[in-house]
A.B. asks: 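Structure below; questions to follow.
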Amino acid sequence: MKIVIVGGTGLIGTRVSEKLRVLGHQVVVAAPSTGINALTGEGLAEAMKDAEVVVDLSNSASPEEDTAINFFRAAGRNLAAAEIAAGVKHHLVLSIVGTDRALYIGYLRAKKEQEDIIKESGIPYTIIRATQFHEHITTLIAVQSDEEAIHISTVDYQPIAAEDVAALVTRLALEAPKNTTVEIAGPDLAPMNEFVSQYLSVKGGEKPLVANDENKYMFFEIPKSLLVPQGDFYPGAIRFGDWIKE
């Protein structure tokens, strides 16, 4: 099949593109660097010609509310229009576990709009909501540190490796559209501070870890179980402890 990967140069996109090529599919990497821009619409019509599947792994330049909403709204509408014109048979989008449970956060409200545009487009679709990636642990530590310590909440946490995300995205992109939302998560569930402690014990760190019950992630106060699936999910295979040692 011809498969278009929107955001195909990113952390997940590069992996998905390679997996699909190995399986023998024709992959079109859609990114501004390849002359295909979902935000402006540049190159979309040609990219979609004869495509059967579109995998949307795009992201806004910033998580700031206005930037994110403007990006996902414009890109979503441009993609939907181009896919309808080309007769695309399956649109898969990667989103975030908990998106509809914290819409007071601007970035999640933008992701929800991205989901809704495709749901309402009439294009057969699959929405995959993933938990936070293993690879985001360093960002978490950086953002939640001050001069004296690393302040990490005891909220529920169930991260998934980027490699597992890519494998599941690839698998579901090649299956029939679900026309619903599914969730993916890592195999380990524990308080967030325990993951950070485990990471620091292996990688080292100059500051002590201070756990708290403030239920905060990055700059936002969140429900205690926002970041984990609420029901059935597709599990990743790579355990956090094994990922640290890679």
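Just so it is clear, the model here is predicted, and its values are computed rather than measured.
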A.B. asks: Got a second to check how far Leu92's CG is from Asp56's CG, nearest 0.5 Å?
C.D. replies: 9.0 Å
A.B. asks: Using only atom types and a distance under 3.5 Å, with no angle test, would you say the side chain of Thr126 pairs donor to acceptor with the backbone of Lys178?
C.D. replies: yes
A.B. asks: What are the two closest non-hydrogen atoms of Thr34 and Val29, and how far apart are they?
C.D. replies: OG1-O, 2.8 Å
A.B. asks: Who clusters with Leu79? Use side-chain heavy atoms, under 4.5 angstrom, across I, L, V, M, F, W and Y, and order the result by chain and number.
C.D. replies: Val4, Val6, Val28, Ile36, Leu44, Met48, Val54, Val88
A.B. asks: Do Phe233 and Val182 touch side chain to side chain, with heavy atoms closer than 4.5 Å?
C.D. replies: no
A.B. asks: Ala102: what forms a side chain to side chain contact (heavy atoms under 4.5 Å, CB included) with it, not counting sequence neighbours?
C.D. replies: Tyr104, Ile105, Leu108, Leu226
A.B. asks: I'd like to know if the side chain of Asn193 reaches the main chain of Ile152, judged simply by a donor and an acceptor atom lying under 3.5 Å from each other, with no hydrogens or angles considered.
C.D. replies: no
A.B. asks: Are Val169 and Ile127 joined in one hydrophobic group, where the rule is that I, L, V, M, F, W and Y side chains link up if heavy atoms are under 4.5 Å apart?
C.D. replies: no
A.B. asks: Quick test of your reading: applying side chain to side chain donor-acceptor pair (under 3.5 Å), list the pairs with at least one residue in residues 142-164, sequence neighbours left out, ordered by first then second residue.
C.D. replies: Arg15-Glu163, Lys19-Glu163, Asp146-His151, Thr154-Asp213, Asp156-Ser225
A.B. asks: Which value, rounded to the nearest 0.5 Å, describes the distance between Thr170 atom OG1 and Ile12 atom CD1?
C.D. replies: 9.5 Å
A.B. asks: Does any N or O in the side chain of His90 come within less than 3.5 Å of the main-chain N or O of Val53, such that one atom is a donor and the other an acceptor?
C.D. replies: no
A.B. asks: Would you say Glu65's side chain and Pro63's backbone share a donor-acceptor pair under 3.5 angstrom?
C.D. replies: no
A.B. asks: Kindly say whether His91 contributes a backbone atom to a donor-acceptor pair with the side chain of Glu83 at under 3.5 angstrom?
C.D. replies: no
A.B. asks: Side chain to side chain contact (heavy atoms under 4.5 Å, CB included) for Val93 and Tyr125? Distances and angles first, verdict last.
C.D. replies: CA-CA 8 Å; Val93 60; Tyr125 70 92; over 6 Å; no
A.B. asks: Same hydrophobic cluster for Ile184 and Leu189, using side-chain heavy-atom links shorter than 4.5 Å among ILVMFWY?
C.D. replies: no
A.B. asks: Within the side chain of Ser121, is there an N or O that forms a donor-acceptor pair under 3.5 Å with the backbone of Ile118?
C.D. replies: yes
A.B. asks: Relative to the ring of His134, is the ring of Trp243 parallel (under 30°), tilted (30 to 60°) or perpendicular (over 60°)?
C.D. replies: tilted
A.B. asks: Taking NZ, NE, NH1 and NH2 as the nitrogens, is one of them in Asp100 or Lys112 under 4.0 Å from a carboxylate oxygen of the other?
C.D. replies: no
A.B. asks: So Leu140 and Phe195, do their side chains get closer than 4.5 Å, heavy atoms only?
C.D. replies: no
A.B. asks: Measuring only between side-chain heavy atoms, which start at C-beta, is Tyr199 closer than 4.5 Å to Thr138?
C.D. replies: yes
A.B. asks: Measure the CD1-OG distance between Ile5 and Ser58 for me, rounded to the nearest 0.5 Å.
C.D. replies: 11.5 Å
A.B. asks: Looking at CD of Gln132 and OH of Tyr217, how far apart are the two atoms once the value is rounded to the nearest 0.5 Å?
C.D. replies: 3.5 Å
A.B. asks: How many angstroms lie between CG in Leu94 and NZ in Lys111, if you round to the nearest 0.5 Å?
C.D. replies: 6.0 Å
A.B. asks: If you round to the nearest 0.5 Å, how far is CG of Asp66 from CG of Asn70?
C.D. replies: 6.0 Å
A.B. asks: Check for a donor-acceptor pair, side chain of Arg109 on one end and backbone N or O of Leu103 on the other, with a separation under 3.5 Å.
C.D. replies: yes
A.B. asks: Hey, is Lys119 close enough to Glu115 for a salt bridge, meaning N to O under 4.0 Å?
C.D. replies: no
A.B. asks: Kindly indicate, with the supporting measurements, whether the criterion side chain to side chain contact (heavy atoms under 4.5 Å, CB included) is fulfilled by Gln230 and Val228.
C.D. replies: CA-CA 7 Å; Gln230 297 297 288; Val228 302; 4.2 Å; yes
A.B. asks: Would a 4.5 Å heavy-atom cut-off, applied to side chains only, mark Leu200 and Ile141 as touching?
C.D. replies: yes
A.B. asks: What I'd like to find out is whether the side chain of Ile128 reaches to under 4.5 Å of the side chain of Tyr234, using heavy atoms alone.
C.D. replies: no
A.B. asks: Identify the heavy atoms of Asn179 and Pro124 that sit nearest to each other, and give their distance.
C.D. replies: OD1-CA, 3.4 Å
